[in-house]
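Step one of this worksheet: look at the structure below.
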2 protein chains.
Amino acid sequence: MKNNEQIKNQLKHRSIRFFKDRPIEEEVLESIFAVGQRTATSVGMQGASIIRLTDQDLKDKVMTVAKQPYIAKAPELFIFVVDLHRNMKIAEERGSKIEAPTMNHFFQGAADAYLMAQNMMTAIESLGLGGTFLGNILSDPDAVIESLDLPRYTFPILGMILGYPDDDPQIKPRLPMELRVSNNTYQTYDNYLDEIADYEEQSILYYDSREKNKRSDSFSQQVCQHMETRSVNRDEILKFIEKQGFDLGL
Amino acid sequence: MKNNEQIKNQLKHRSIRFFKDRPIEEEVLESIFAVGQRTATSVGMQGASIIRLTDQDLKDKVMTVAKQPYIAKAPELFIFVVDLHRNMKIAEERGSKIEAPTMNHFFQGAADAYLMAQNMMTAIESLGLGGTFLGNILSDPDAVIESLDLPRYTFPILGMILGYPDDDPQIKPRLPMELRVSNNTYQTYDNYLDEIADYEEQSILYYDSREKNKRSDSFSQQVCQHMETRSVNRDEILKFIEKQGFDLGL
């Protein structure tokens, strides 16, 4: 394997959820946002924006939506927003008549938001900070939209907390590479539990030996639970996207 | 601004579309995939997979879909796939009865795919290689799904080409940071064309002075064109996602 310092850092990624009581310096935030700003963007449209929450009431609201108490205590909390509001306004001011942005526009904005979030996370980790993504903000899109005053044609797609780590979690095992990368066509298997047997063992050990939230669990058990779970708002995310003014194209 | 080597690299990002006739060494590919494998993943579900295309006929097919001739000549071409097939199989083998994955599962897989793609791009650039993302594979999902034998509960969300650069494009200007990052609530403006005036000038200069594909254009002109454009398949992406077995939840 060909390595360098940066790749070594990337291979050490862990979710950091607990932070020192130390604010992130402005010059550090500036670097992190600069990396966000320079990230690749679909057709150059820059269809994503960031809301930085400094108001404790707002942080508490997001914490209530995402149901993770540590969120409210994180030094920094960002919400990544699919943002077609800005471009719709620009087009209108130039005289374009557009009924609504489409799901093509939505997915391009979502790609922009996710790419930006990961690029910033890499920068964050390179500076000795840490953080984690918050998918749980999708559990109540209306509450997030209302709290952050998000206008039509925007949608909160991902959250992130960050700070100086006061947390040292183990690195979580991952599925073997062969299961995630195929050549030319999608590789299927007759028996997936056979294929993941070693990884399953590693995952049992991981859950059983970690310091925080230790439990008897395994990857395949988590998969069953997760695939069986129905989550009203999150399964119906398209209704919220439509409510924000996007044309679902159906 | 607080800087380090890695952040400097990230700030230099440009899309590289033309490559030397030099294959990427196996040990380099191994590093790039290892970074993909270790990327943060929603609820640990690892709901994304990669298809690496080495077959020239398949590369040509993707090139035809994405309508960019340089794709077929790139040393490496990856397709990032939202992948709930694997987890559905694992759950079934363990006896779970699940009718269909939901849009919650879909978006988690999409997040995994996008985060993985950006994390790999950062690794790629740190190794002196370059590449670009291909959103255009969405112009004909059926053709990609058929060519790569993608089973139910999977969906091709993003492409990427990479190699040793034979291309030296200018760095493309970006919207000012203040327009993309708000504090606490979403910042709206009375007149967006006023707010972007300086950036608009930069974008005109950029299009007018670049070596390849030089033209008279501007950011706001591109925005109008892009927001006005209707693209049958891409606007109707949800129909293709539904066809792949996902429950749209509507």
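The 12-atom threshold is exceeded at CG of N191(A), counting heavy atoms of other residues, nucleotides or ligands nearer than 6.0 Å.
A pairwise comparison of heavy atoms in R180(B) and G47(A) identifies NH2-N, 4.4 Å as the closest pair. For M1(B) against A34(A), the heavy-atom pair with the smallest separation is SD-CB, 3.8 Å. Nearest heavy atom pair, residue M227(B) against residue I98(A), reads CB-CD1, 3.4 Å.
The closest donor-acceptor contact from the side chain of H105(B) to the backbone of H226(A) lies under 3.5 Å. No donor-acceptor pair closer than 3.5 Å links the side chain of Q46(A) to the backbone N or O of R174(B). Proximity of a side-chain donor or acceptor of E27(A) to a complementary backbone N or O of K2(B) within less than 3.5 Å is not detected. Judged purely by atom type and a 3.5 angstrom limit, Q6(B) has no side-chain atom pairing as donor or acceptor with the backbone of I7(A).
Side-chain atoms of N184(A) and T54(B) form a donor-acceptor pair, as typed in the model, at a separation below 3.5 Å. For the 3.5 Å distance criterion, the side chains of T102(A) and D235(B) qualify, holding a donor opposite an acceptor. Between the side chains of S231(B) and N104(A), no donor-acceptor pair is found at a separation under 3.5 Å. Under 3.5 Å, the side chains of Y192(A) and N87(B) contain no donor-acceptor pair of N or O atoms.
Comparing Q222(A), H85(A), E236(A), K239(A) by heavy-atom pairs within less than 4.5 Å of chain B, the highest count is held by H85(A). Here N119(B) is the residue among N119(B), V35(B), L150(B) with the most heavy-atom pairs under 4.5 Å with chain A.
At a 4.5 Å heavy-atom cutoff, I124(B) makes no contact with chain A through either its backbone or its side chain. Of the two parts of Q221(A), the backbone and the side chain both hold a non-hydrogen atom closer than 4.5 Å to a non-hydrogen atom of chain B. Heavy-atom distances place the side chain of N9(B), and not its backbone, under 4.5 Å from chain A. Of the two parts of T132(B), neither the backbone nor the side chain holds a non-hydrogen atom closer than 4.5 Å to a non-hydrogen atom of chain A. In this structure, the portion of M116(A) lying under 4.5 Å from any heavy atom of chain B is its side chain and not its backbone.
To the nearest 0.5 Å, the span separating CD on Q37(A) from CD on E178(B) amounts to 8.0 Å. Taken to the nearest 0.5 Å, the CG atom of N3(B) stands 5.0 Å off from the OG atom of S31(A). Rounded to the nearest 0.5 angstrom, T39(A) OG1 and Q10(B) CD are separated by 7.5 Å.
When ring centroids are compared, F107(B) and F107(A) come within the 6.0 Å threshold.
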Steps toward side-chain contact (heavy atoms from CB on, under 4.5 Å) verdict (V223(A), K89(B)): CA-CA 10 Å; V223(A) 166; K89(B) 285 284 179 196; over 6 Å; no

